[in-house]
Amino acid sequence: MELLSSTKSFGGWLKRYCHESLSVKGEMTFAIFLPPQAETQSVPVLYWLSGLTCTDENFMQKAGAFRKAAELGLAIVCPDTSPRGTDYPNEHESYDFGSGAGFYVNATVAPYSNTYHMYDYVVQELPTVVEENFPVTDKRSISGHSMGGHGALICALKNPGVYQSVSAFAPIVNPTDCPWGEKAFTGYLGEDRATWKAWDATCLIESLGENAKERLPLLIDQGEADNFLVEQLKPEALEAACEKAGHAITLRRQAGYDHSYFFIASFIDEHLEHHSKALS
């Protein structure tokens with residue numbers, strides 16, 4: 001790994017690294033906040049997945065999470081949102097597909113199938129890199145925003161026992177039935193919509209039903225003034241699926257809040273406390 005920057009914050013350290021990834025067959029960048037407790041002991045990790053157009057820097061610079069993470073002794077790891085350095089057809093033409101918009105799936109359609117394996121990177125490769133190189137335990141939780149909220153939910157639902165807790169801010173909960181998801185899944189996964197269900201949190205809850213091996217309670221905050229609420233996010237779909245399957249969900253509808261990092265910063269402390277409780 002190559003250290004790109006190191007900044008002290010609330011007694012801990014925010015560091016950015018790049019490394020060669022086997023999953024995406026190229027260089028990836030991630031950021032890690034190590035709380036002051038990491039100076040003397042191993043600490044648990046919260047993985048944060050960011051949304052469309054973001055990099056590893058958005059959450060780390062805008063969420064205001066470090067004071068509470070330092071208090072709780074919680075490391076935070078934030079990867080980039082897609083592979084970089086390629087130039088596939090249409091990859092850089094829109095904000096909701098291609099660069100900055102990997103959707104945390106393993107692409108099966110060429111040429112994206114060559115490198116767009118963000119699911120494998122987040123679930124398998126990145127935790128291995130982090131646990132081998134930093135003073136952290138193997139206890140993990142996961143959270144995210146928008147596209148990253150979708151990513152956090154599917155990573156937890158598809159991998160029982162890997163994460164101690166999961167939460168999301170304004171997640172895309174039903175990507176098989178919204179314009180963002182339909183565009184991305186067609187480009188990454190192909191025209192067979194049946195294959196999309198494996199990457200949709202609402203469909204996963206519906207398919208698992210009472211046979212779910214693990215039922216991590218879902219904590220979700222959704223702003224009621226979010227411009228994307230009706231067309232893209234549709235939290236009521238996940239809520240209905242959870243109710244039918246008996247899957248615990250806390251869906252907090254926050255009056256007046258939009259889709260921005262002002263919304264995330266307003267409630268991030270409560271999410272960190274939720275994860276810290278599960279990790280301890």
Side-chain angles (χ1 to χ4, degrees), residues 46-49 51 103-105 119 122-123 140-182 184-185 189 193-259 263-264 266-279:
L46 172 65
Y47 289 85
W48 174 272
L49 306 183
F103 262 83
Y104 305 103
V105 301
Y119 175 79
V122 167
V123 174
R140 313 164 186 166
S141 290
I142 193 164
S143 186
H145 171 231
S146 194
M147 177 186 72
H150 142 77
L153 292 173
I154 64 167
C155 287
L157 291 169
K158 289 166 72 70
N159 295 278
V162 171
Y163 301 99
Q164 303 299 118
S165 55
V166 58
S167 73
F169 289 82
I172 305 170
V173 302
N174 198 189
T176 61
D177 188 32
C178 75
W180 277 342
E182 290 170 345
F185 284 8
L189 305 174
R193 298 176 73 96
T195 65
W196 298 3
K197 293 182 179 181
W199 306 100
D200 181 307
T202 298
C203 294
L204 287 171
I205 292 288
E206 291 173 345
S207 65
L208 292 173
E210 296 180 356
N211 297 318
K213 295 180 181 179
E214 175 185 75
R215 293 187 177 276
L216 285 180
L218 309 182
L219 171 61
I220 295 174
D221 273 300
Q222 174 62 62
E224 290 188 330
D226 192 320
N227 290 337
F228 306 111
L229 177 58
V230 175
E231 184 180 26
Q232 304 283 9
L233 305 178
K234 304 182 178 182
E236 65 279 358
L238 180 64
E239 190 175 40
C242 286
E243 181 178 355
K244 184 175 181 180
H247 197 115
I249 182 173
T250 300
L251 175 57
R252 309 192 305 185
R253 293 174 169 86
Q254 306 291 2
Y257 285 92
D258 59 16
H259 200 70
F263 163 54
I264 295 171
S266 298
F267 300 102
I268 190 62
D269 283 4
E270 296 171 37
H271 282 243
L272 295 178
E273 288 169 351
H274 166 77
H275 293 297
S276 179
K277 182 179 180 180
L279 288 163

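Remark: side-chain polar atoms of Ser207 are paired, donor with acceptor, to backbone N or O of Cys203 under 3.5 angstrom. A donor-acceptor pair under 3.5 Å links the side-chain atoms of Thr202 to the main chain of Val173, judged by distance alone. The backbone N or O of Ala237 sits nowhere less than 3.5 Å from a side-chain atom of Asn174 that would complete a donor-acceptor pair. Side-chain atoms of Asn159 never come within 3.5 Å of backbone atoms of Val162 as a donor-acceptor pair (strictly under, hydrogens ignored).
Qualifying salt bridge (charged side-chain N to carboxylate O under 4.0 Å, His left out) partners for Asp177, counting only residues two or more places apart in sequence or in other chains: Lys234. With sequence neighbours excluded, the residues forming a side chain to side chain donor-acceptor pair (under 3.5 Å) with Trp48 are Ser50, listed by chain and number. By the salt bridge (charged side-chain N to carboxylate O under 4.0 Å, His left out) test, Glu243 is found to be paired with no residue, residues two or more places apart in sequence or in another chain being considered.
Side-chain contact, His274 with Ser165: no donor N or O sits under 3.5 Å from an acceptor N or O.
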Could you give me the CA-CA distance, side-chain angles and deciding distance for Ser266 and Tyr257, then say whether side-chain contact (heavy atoms from CB on, under 4.5 Å) is met?
CA-CA 9 Å; Ser266 298; Tyr257 285 92; 3.3 Å; yes

Between Arg253 and Glu236, does the salt bridge (Lys or Arg N to Asp or Glu O under 4.0 Å) criterion hold? Intermediate values first, please.
CA-CA 11 Å; Arg253 293 174 169 86; Glu236 65 279 358; 5.2 Å; no

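Taking the six-membered ring where tryptophan is involved, the planes of His150 and Phe103 are tilted, since the angle between them lies from 30° to 60°. Ring orientation note: the planes of Phe267 and Phe263 are nearly perpendicular, at an angle over 60° on the 30°/60° scale. Ring geometry, Trp180 versus His259: the interplanar angle falls from 30° to 60°, so the pair is classed tilted.
The residues Arg252 and Glu270 are annotated as salt-bridged, a charged nitrogen and a carboxylate oxygen being separated by less than 4.0 angstrom.
Heavy atoms only, all atoms of each residue included: Gln222 and Leu251 are closest at CB-CD1, 4.3 Å.
Atom NZ of Lys197 is surrounded by 12 or fewer heavy atoms from other residues, nucleotides or ligands within 6.0 Å.
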